[in-house]
Amino acid sequence: MRLLLVEDDDHVAAALSAVLAKHGFVVVHARSGEEALQSLLPAANAGKEPFAVVLLDLGLPDQDGFQVCGKIRRITTTPVIMVTARADVRSRIHGLNLGADDYVVKPYDTGELLARIHAVSRRKAGAEESAAEDETTARRLGRLTLELLTRRVSVDGGVVQLTRKEFDLLALLAQRPGVVFGREQIISEVWRTSWEGTGRTLEVHVASLRAKLGMPAVIETVRGVGYRLVVPDAHEGA
């Protein structure tokens, strides 16, 4: 399994690389945000096994790790695990909102880090397999269309630009229109966490989805439980 380690401290990188190598990982070390981004470009990986995971430190010399994460998300769907000493909840929420798949605080247990690497790798592989098996066509729900392979959403034929987490949230609710998804279930499946502090983030994403889709009633709040997708009538105006 090939892994990109983004860490500016050579001593930390060397120690972690040695541990990862013992567990079968081929580690590519990037010392800056720009070096990491260059390593992820298709041209740099021609003929090579794709990276399974990116371990991203936030304290980089050329740019903040949060910025790097946002840029990574624009060029690849490779899972990103932020590995940092920043333990505050706001930083965690911000990192997950930018597209990180997990967030590990230093100092950490090596066994836990390895488990998290394997977990995000399995989720990505499972999502790709599921998409290849049964998501080859668009999912049409009244005025709303989701193209799960291309991650495109349109309303009445017009494309709606969504963030990664907004799309993931909408796609989850669209799996079972009319069925209520509990808040904890949504947070677990979309943000891959169980933090209580993520609840506010969920509310913000629901509000943003309603606004971007131009249909405030498309996601119904079930008080004290969670949310469900209400299929918009094809003949109903925006």
Side-chain angles (χ1 to χ4, degrees), residues 53 55-56 58 66 69-70 73 77-84 86-106 108-109 111-131 134-135 139 141 144 146 148 151 153 160 162-213 215-232:
V53 177
L55 295 183
L56 176 63
L58 296 183
F66 287 129
C69 182
R73 276 292 155 256
T77 59
T78 301
V80 175
I81 300 178
M82 289 185 170
V83 184
T84 175
R86 302 182 195 179
D88 61 287
V89 172
R90 178 176 294 182
S91 292
R92 297 187 185 197
I93 292 175
H94 185 46
L96 293 170
N97 285 342
L98 286 171
D101 296 85
D102 206 342
Y103 194 106
V104 177
V105 177
K106 298 177 181 178
Y108 51 80
D109 179 82
E112 180 184 359
L113 178 62
L114 288 166
R116 289 176 181 266
I117 291 172
H118 286 297
V120 297
S121 299
R122 286 195 302 269
R123 287 199 293 264
K124 185 174 188 293
E128 290 176 344
E129 181 179 348
S130 176
D134 57 18
E135 301 298 355
R139 179 171 295 172
L141 303 167
L144 181 65
L146 283 78
L148 300 181
R151 299 180 67 85
V153 173
V160 180
L162 301 181
T163 67
R164 183 169 182 249
K165 291 301 182 185
E166 287 170 351
F167 181 90
D168 291 344
L169 171 57
L170 182 61
L172 175 65
L173 298 178
Q175 289 179 6
R176 289 179 288 167
V179 174
V180 179
F181 285 77
R183 294 168 60 88
E184 291 185 1
Q185 179 185 358
I186 296 172
I187 291 172
S188 175
E189 295 196 28
V190 176
W191 279 270
R192 307 294 182 184
T193 184
S194 59
W195 300 335
E196 294 182 1
T198 314
R200 176 57 182 163
T201 300
L202 172 58
E203 295 173 0
V204 171
H205 278 70
V206 168
S208 179
L209 268 176
R210 288 168 173 162
K212 288 184 177 181
L213 296 173
M215 296 180 288
V218 70
I219 300 178
E220 180 182 353
T221 301
V222 180
R223 190 174 298 277
V225 182
Y227 299 92
R228 64 181 167 198
L229 182 73
V230 178
V231 177

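Atom CD1 in Ile187 sits 14.0 Å away from atom CZ in Phe181 (nearest 0.5 Å). Of the inter-residue distances, the one linking Thr84 atom OG1 with Arg92 atom CZ reads 10.0 Å to the nearest 0.5 angstrom. Taken to the nearest 0.5 Å, the CG atom of Leu213 stands 6.0 Å off from the CG atom of Leu144. To the nearest 0.5 Å, atom CZ of residue Arg210 and atom CD of residue Glu220 are 9.0 Å apart. Here the CD1-CG distance, from Ile93 to Leu202, works out to 11.0 Å after rounding to the nearest 0.5 Å. We find the CZ-CD distance between Arg139 and Gln175 to be 6.5 Å, quoted to the nearest 0.5 Å.
Between the side chain of His205 and the backbone N or O of Thr201, at least one donor-acceptor pair lies under 3.5 Å. Remark: the backbone N or O of Trp191 is not paired with any side-chain donor or acceptor of Lys165 at under 3.5 angstrom.
Listed here is the closest heavy atom pair of Leu98 and Arg73: O-CG, 3.5 Å. Nearest approach of Leu169 to Ile186, heavy atoms of both residues: CD1-CG2, 3.5 Å. Of all heavy-atom pairs between Val231 and Pro177, the closest is CG2-CB, 3.6 Å. The two residues Tyr108 and Leu113 have their closest heavy-atom pair at CE1-CD2, 3.5 Å. The shortest non-hydrogen separation linking Cys69 to Gly99 is SG-C, 4.2 Å. Nearest heavy atom pair, residue Arg116 against residue Val104, reads CD-CG2, 3.3 Å.
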*Step by step, would you call Glu203 with Arg183 a salt bridge (charged side-chain N to carboxylate O under 4.0 Å, His left out)?*
CA-CA 10 Å; Glu203 295 173 0; Arg183 294 168 60 88; 3.6 Å; yes
*asked:* I'd like to know whether Leu170 forms a side chain to side chain contact (heavy atoms under 4.5 Å, CB included) with Leu229, so could you lay out the CA-CA distance, the side-chain angles of the two residues, the decisive distance to 0.1 Å, and finally the verdict.
replied: CA-CA 8 Å; Leu170 182 61; Leu229 182 73; 4.0 Å; yes
*Can you check side chain to side chain contact (heavy atoms under 4.5 Å, CB included) on Val180 and Arg228, steps first, answer last?*
CA-CA 5 Å; Val180 179; Arg228 64 181 167 198; 3.8 Å; yes
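Ionic pairing of Asp168 and Arg151 is present here: one or more N-O contacts between side-chain nitrogen and carboxylate oxygen are shorter than 4.0 angstrom.
For the pair Lys212 and Thr163, the minimum side-chain heavy-atom distance is below 4.5 Å.
Screening Asp102, Val83, Val80 for a side chain to side chain contact (heavy atoms under 4.5 Å, CB included) with Leu55, the sole residue that qualifies is Val83.
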